[in-house]
Number of protein chains: 2
Amino acid sequence: MSPQLRGYPDGVDRPATLADVAAASGVATSTASRALANPGRVNAITRERIERAARELNYIPNSQARALTSGRTRCIAVLVSDITNPFYFGIIRGTQLQLKAAGYTQLLVDTEESDELEDGMLHKLRPSFDGAILAASRLTDRHLTALAEEVPLVAINRQTRGVANVFIDTPTGVEQAVGHLASLGHRTIVYASGPETSWSNERRWRALVRSAEHYQVEAQRVGPFAPRQYAGAAAADAVLHAGATACIAFNDLLAIGMLARFRERGVDVPGDVSLVGCDDIFGADFCNPPLTTLTAPIEQAGRTAVSMLLARLDENATPVGRQAATLPTHLTVRASTGPAPASQTTSTKGRG
Amino acid sequence: MSPQLRGYPDGVDRPATLADVAAASGVATSTASRALANPGRVNAITRERIERAARELNYIPNSQARALTSGRTRCIAVLVSDITNPFYFGIIRGTQLQLKAAGYTQLLVDTEESDELEDGMLHKLRPSFDGAILAASRLTDRHLTALAEEVPLVAINRQTRGVANVFIDTPTGVEQAVGHLASLGHRTIVYASGPETSWSNERRWRALVRSAEHYQVEAQRVGPFAPRQYAGAAAADAVLHAGATACIAFNDLLAIGMLARFRERGVDVPGDVSLVGCDDIFGADFCNPPLTTLTAPIEQAGRTAVSMLLARLDENATPVGRQAATLPTHLTVRASTGPAPASQTTSTKGRG
DNA sequence: ATGAAAGCGCTAACAC
DNA sequence: GTGTTAGCGCTTTCAT
């Protein structure tokens, strides 16, 4: 009866189990188990026999069952706030590659920018994964810190006490961008803000303020805007209204949306206004004009996050090595930035 | 000892199990199980008590354990050939949404355009999912048909005997594109071919040939090319070498790559050559010039695939209803297509 | 080095 | 209605 129970149609032969392998090679299941998992602790010749049987029977260990006893699923959850955001493609690709190489499986979850969903999924799926990677978590610091006690976690672009993280150093890139714009003669730089719940957003804005001071230019802020293409129209209008000649956008998605609106309104980029994006996502190089942006090692961030997480999982209770990594970004100048319009240009004043 | 076994650090209280809930509400585990899964078959008042206990203990069913007995994991595998291809973003988003709504989890797998990896993952993970969605499978027809007997499957853009499918009707769109180009005076249309293992690729080419005949224009073919941006350079060169004034590319990714190369070579689009892409992916609307393309309901394809799969899973042995769905595409004309260059234009000859 | 046996958390007969 | 009893496939003591 059992075959039917397992949901296999009557005739279809169900996958071989460890018991089948053991029977076929005349040993106990425990021996078969050891032979396959702990090759050292079994007689070489016996092991040989077992391995052959396994191969012949096309034996594939049932990871569910294994997880039940061992408590380890060899599965890692990767949470992103919006699957359709190209920024995450890179992350996902990086995690996927690295996980596969380590024999792990990836559980991809879209949290839809919702902290509740994020928390809910993390709990609901808790028994199904060994650890999680949070790309741009929307949880509060308190919440995140608490969570990290229950679940092995690595956060990407989020530095919080007690939570391992991979940080893409966009703030430093922002400083370069401000320098770049200042050197082009821009006197006012407006920041097109992303979601207020985004940790990165605050960091970028603060970096902008800091370096604006350094370069003696004025910093303004408009927004917040959704980190999406469609929000670009409103952002572009706001920038224009602010009367600035230069803008740094929270991310490329928003910047690309702004580009369209500027064209619509007959505003020339970079003739009338210069625009800098963040991340260098797919599309930043071929939009019109190609976007000057802060190139982030996105895929590597994913890979690094996985490495950190797996290292922790394996070191099994060892106090761990690296708990944080910082990845550098760099300014990639393309065609969306240029000299400030003549009417507004003043001679470059002494720098701070 | 058991708590430690499960991998929970000494002090940390492990998640409540069904046994805990049962004990707390003074019933047998089986009753608790029923109360939670099959509310109808249990005394209302008892159920109330059990549900409260579950809530208080913060009980979360262990899906691994559940899968072990029931054989159902409530997890669906989604296989894509390349995660970084924006075409799949839409698919993934669609499947994710629909799966979540049905209380299922998505297992995302990148097969890296490899049929071996595709087959391997499908088998290795077999016990971990109830069914799979194959987006652009690279498996042979034989293989796929055989597989469909073992695993509940829905293929996207792949029609094979015995395999349920969701088909995005790009071929019909190609016919429209050919009509569009013919009406613009183009006499020769070259197809920039995608991977030879791609089923869609053949279908698109055949549609092109068929309708070229209909419109009395010449059809040529160059390639194959990888369905990636970087392959666009070679494709653009090949098209130019073929001396055609119009091109339909296997997909937008390739077309976008071609755009860059054309600009590099001083070839004006659409002045010198018209270009049509396929799929209308992210970026097709903001590249330069914006791409005329065949808009595909990508996200809906994902949703539909999930619906079909889940319907089959639930109808549990019922011979099933819909085994195939066809989703229409339409030509979206943007700035990458225009009249054929004067030197080549001939008066529009009678149409077939 | 190997086997026997006891579970992991849950579900599904089968009684009562 | 509800409790009892077997397992699902695997790992892991504990003997031998």
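Letters go in sequence order (proteins before strands), and every chain restarts at 1. Computed from a predicted structure; not experimentally measured. In what follows, every heavy atom counts, from backbone to side chain, and hydrogens, waters and symmetry copies are set aside.
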Original post:
Can you check the B:Arg74 CZ to C:dG9 C1' distance for me, whole Å?
Top reply: 18 Å
Subject >> A:Thr69 side-chain N/O to D:dT12 phosphate OP1/OP2 under 4.0 Å >> reply: no
**OP:** Nearest whole angstrom, please: distance from the P of D:dC8 to the CZ of B:Arg72.
**Re:** 19 Å
Original post:
Which whole-number value in Å describes the distance from A:Leu68 CG to D:dC10 P?
Top reply: 12 Å
Original post:
Of the nucleotides C:dT2, D:dG9, D:dT2, which has the atom closest to the B:Thr31 side chain?
Top reply: D:dT2
**OP:** Identify the two heavy atoms, one from A:Ala325 and one from A:Met308, that lie closest to each other, and give their separation to 0.1 Å.
**Re:** CB-SD, 4.2 Å
Original post:
Any donor-acceptor pair under 3.5 Å between the side chain of B:Ser30 and the base of D:dT4?
Top reply: yes
Original post:
Quick check: does any side chain N or O of B:Asn38 sit under 3.5 Å from a backbone N or O of B:Arg41, one acting as donor and the other as acceptor?
Top reply: no
**OP:** Return the value, rounded to whole Å, for the distance between atom CZ of B:Arg126 and atom P of D:dG9.
**Re:** 13 Å
Original post:
According to a strict under-4.0 Å criterion, is B:Ser33 in side-chain N/O contact with OP1 or OP2 of C:dT11?
Top reply: yes
Original post:
Just by distance, do the side chain of B:Arg312 and the backbone of B:Leu153 share a donor-acceptor pair under 3.5 Å?
Top reply: yes
**OP:** Consider the side chain of A:Asn43, meaning its heavy atoms from C-beta on, and name the nucleotide among C:dA1, D:dT11, D:dT2 that approaches it most closely.
**Re:** C:dA1
**OP:** Assess whether one donor atom and one acceptor atom, taken from the side chain of A:Arg34 and the base of C:dG3, lie less than 3.5 Å apart.
**Re:** yes
**OP:** Walk me through it: do A:Leu107 and A:Val78 pass the test side chain to side chain contact (heavy atoms under 4.5 Å, CB included)?
**Re:** CA-CA 6 Å; A:Leu107 203 59; A:Val78 175; over 6 Å; no
Original post:
Is the phosphate of D:dG1, meaning OP1 or OP2, less than 4.0 Å from a side-chain N or O of B:Arg41?
Top reply: no
Original post:
Can you tell me if the side-chain N/O atoms of B:Ser70 get under 4.0 Å from OP1 or OP2 in D:dC8?
Top reply: no
Subject >> Side chain of A:Ala65 (C-beta onward), nearest among C:dG9, D:dT2, D:dG9 >> reply: D:dG9
Original post:
Between B:Asn62 (CG) and D:dG9 (P), how many Å, whole number?
Top reply: 17 Å
Subject >> Between P of D:dG9 and CG of A:Asp20, the distance in whole Å >> reply: 8 Å
**OP:** Can you tell me the distance, in whole Å, between the CZ atom of B:Arg66 and the C1' atom of D:dG9?
**Re:** 18 Å
**OP:** Examine distances only and state if a side-chain atom of A:Ser81 and a backbone atom of A:Glu112 form a donor-acceptor pair shorter than 3.5 Å.
**Re:** no
Original post:
Over how many whole Å does the gap from A:Asn38 atom CG to D:dC10 atom C1' extend?
Top reply: 14 Å
